[in-house]
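Below, chains carry the letters A, B, ... as their sequence lines are ordered, and counting in each starts from 1.
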There are 2 protein chains.
Amino acid sequence: MQGRPKGRKSPLQGSSASHSISGEKERLRLFIKKAGLKSTRQRDIIATEFLKTIGHITAEDLYKKVNRKHKEIGFTTVYRTMKLLSKCGLASERVFADNLTRYEPARGEEHHDHLICIGCGEITEFENPKIERLQGEVAKEFGFNTISHKMELYGYCRRCVENA
Amino acid sequence: MQGRPKGRKSPLQGSSASHSISGEKERLRLFIKKAGLKSTRQRDIIATEFLKTIGHITAEDLYKKVNRKHKEIGFTTVYRTMKLLSKCGLASERVFADNLTRYEPARGEEHHDHLICIGCGEITEFENPKIERLQGEVAKEFGFNTISHKMELYGYCRRCVENA
DNA sequence: ATAATTTTGAAAATGAATTTCATTTCCTTG
DNA sequence: CAAGGAAATGAAATTCATTTTCAAAATTAT
């Protein structure tokens with residue numbers, strides 16, 4: 001019924017920032033070679049644009065960014081490249097309450113959780129070792145072998161609270 | 001392209017159980033009246049079937065259960081009735097990693113979180129006041145006004161670990 | 001260069017969720 | 001106990017993000 005998303009939702013997401021990307025692009029190149037895949041101009045452009053991103057971005061929004069400079073690159077390729085980056089560990093896929101799939105650059109940090117502002121859409125990360133430990137205790141109590149977890153707080157960020 | 005879900009996923013969900021339902025049905029009736037809505041045979045049947053449920057069920061699966069005895073009741077009505085039950089506080093909507101919307105009877109308990117078995121699909125609930133408190137601290141630290149939160153642990157339940 | 005394989009991009013398909021609309025049912029009020 | 005106005009029903013259609021298909025183009029190894 002429709003080729004690809006026609007744009008909707010997804011308010012805020014971080015923009016670009018200075019960050020040493022070369023190492024990550026090398027990692028992608030190695031992964032591609034090892035998997036018998038091919039390095040392409042498109043993958044390079046998309047990965048570069050993505051790795052400049054701070055925060056969380058949908059494939060759709062990344063496509064829009066890429067498409068500004070490279071009209072010939074299609075949504076499908078951006079979509080597939082993000083899947084590829086996820087597989088090789090350079091991106092993390094996240095789905096929050098609005099049911100859109102977002103990607104964030106995975107920079108070998110610890111696991112972290114999220115505060116999601118339902119006012120402006122801002123997504124903030126946090127880590128809390130104490131909570132992690134308690135989660136482990138809960139799991140043990142249930143004989144549960146935890147593979148991954150997610151924890152999200154929804155509400156209003158400081159700025160939205162102040163401007164209310 | 002398609003009328004309604006044609007069945008897929010959603011492995012396990014609790015079946016019926018003895019539980020005093022009359023109070024809840026009364027609550028539904030009051031809500032309906034106060035909102036200027038109408039009590040119908042279908043709503044009664046669907047609500048009754050749902051409130052007998054233990055655990056988490058999709059609209060699709062609830063439809064299948066209802067439809068066994070009442071061929072004339074359609075999916076859309078089940079879907080809309082679940083939305084109604086959610087609005088009046090008798091059901092909680094939940095979306096886990098498989099992106100299906102599930103409903104669980106809301107029996108005025110405390111907030112609780114979930115362990116989701118990626119082996120058999122079992123969903124277990126737990127409460128942990130210490131974690132809740134720490135969440136509050138995190139929020140305070142960020143000046144964040146929390147409205148709701150979700151926390152889910154994904155992994156293998158005791159039974160799946162033992163049978164591995 | 002050539003061949004073999006993968007990638008690309010537009011369009012189509014998918015699947016759950018939601019809406020539409022003609023008909024039926026419910027709930028007053030007379 | 002009508003009758004009429006409002007809401008509910010159910011089948012089909014629509015929506016929308018996501019995923020797949022397929023013919024043409026690009027990449028890599030030979």
Atom pairs under 3.5 Å, N or O on each side, protein against nucleotides 21-23 of chain D: can you list them with distances?
{"residue": "dT21(D)", "atom": "O4", "partner": "R80(A)", "partner atom": "NH1", "Å": "3.4"}

L37(A) vs T101(B), nearer the 5' end of DNA chain C by closest nucleotide: L37(A)
Is a salt bridge present between E49(B) and K52(B), judged by a nitrogen-to-oxygen distance below 4.0 Å? yes
Which residues in residues 83-91 of chain B have at least one heavy atom lying under 4.0 Å from any atom of DNA chain D? none
Tell me every residue that passes ring pair (Phe, Tyr, Trp, His ring centres under 6.0 Å) with H112(B), counting only those two or more places apart in sequence or in another chain. H114(B)
Sequence neighbours excluded, the answer for side-chain hydrogen bond (donor to acceptor under 3.5 Å, both in side chains) partners of T48(A) is K25(A)
The remaining residues in the hydrophobic cluster of F144(A), counting side-chain heavy-atom contacts under 4.5 Å among Ile, Leu, Val, Met, Phe, Trp and Tyr, are L115(A), F126(A), I131(A), L134(A), V138(A), F142(A), M151(A), L153(A), L115(B), F126(B), I131(B), L134(B), V138(B), F142(B), F144(B), M151(B), L153(B)
Sequence neighbours excluded, which residues qualify as ring pair (Phe, Tyr, Trp, His ring centres under 6.0 Å) partners of H149(A)? H111(A)
To the nearest angstrom, how far is N99(A) atom CG from dG15(C) atom C1'? 13 Å
Taking for each residue the nucleotide of DNA chain D bearing the nearest heavy atom, is the 5' side occupied by K71(B) or by G36(B)? G36(B)
Which atoms of nucleotides 25-27 of chain D (N or O only) lie under 3.5 Å from a protein N or O atom, and what are those distances?
{"residue": "dT27(D)", "atom": "O3'", "partner": "S39(A)", "partner atom": "O", "Å": "3.3"}
{"residue": "dT27(D)", "atom": "O2", "partner": "K38(A)", "partner atom": "NZ", "Å": "2.9"}

Show every salt bridge (charged side-chain N to carboxylate O under 4.0 Å, His left out) that has at least one partner inside residues 131-155 of chain A, sequence neighbours left out. K150(A)-E152(A)
Starting at OH of Y63(B) and ending at P of dA11(D), how long is that distance when rounded to a whole Å? 7 Å
Quantify the bending of the helix from dA1(C)-dT30(D) to dG30(C)-dC1(D) as the angle between its end axes, each fitted on five pairs, to 10°. 20°
Just N and O in the side chain of Y79(B): are any of them under 4.0 Å from OP1 or OP2 of dT18(C)? yes
Keeping to residues at least two apart or across chains, list the side-chain hydrogen bond (donor to acceptor under 3.5 Å, both in side chains) pairs with something in residues 26-39 of chain B. E26(B)-R29(B)
Donor-acceptor list for residues 80-91 of chain A side chains, cut-off 3.5 Å, not counting sequence neighbours:
{"residue": "T81(A)", "atom": "OG1", "partner": "T77(A)", "partner atom": "O", "Å": "2.7"}
{"residue": "K83(A)", "atom": "NZ", "partner": "E93(A)", "partner atom": "OE2", "Å": "3.1"}
{"residue": "S86(A)", "atom": "OG", "partner": "M82(A)", "partner atom": "O", "Å": "2.9"}

Who pairs with R41(A) by side-chain hydrogen bond (donor to acceptor under 3.5 Å, both in side chains), at least two apart in sequence or on another chain? E72(A)
Donor-acceptor pair, side chain of Y154(A) and main chain of A97(A), under 3.5 angstrom: yes
Does the side chain to side chain contact (heavy atoms under 4.5 Å, CB included) test come out yes or no for D113(A) and N128(A), once each step is laid out? CA-CA 8 Å; D113(A) 296 302; N128(A) 190 306; 6.0 Å; no
Quick one: pull up CZ in R158(A) and CG in N145(B) and give me the separation to the nearest 0.5 Å. 12.0 Å
Could you check T101(A) against T58(A) for side chain to side chain contact (heavy atoms under 4.5 Å, CB included), going step by step and ending with a plain yes or no? CA-CA 6 Å; T101(A) 301; T58(A) 62; over 6 Å; no
Calculate the interatomic distance between L100(B) atom CG and dA17(C) atom P; express it in whole Å. 6 Å
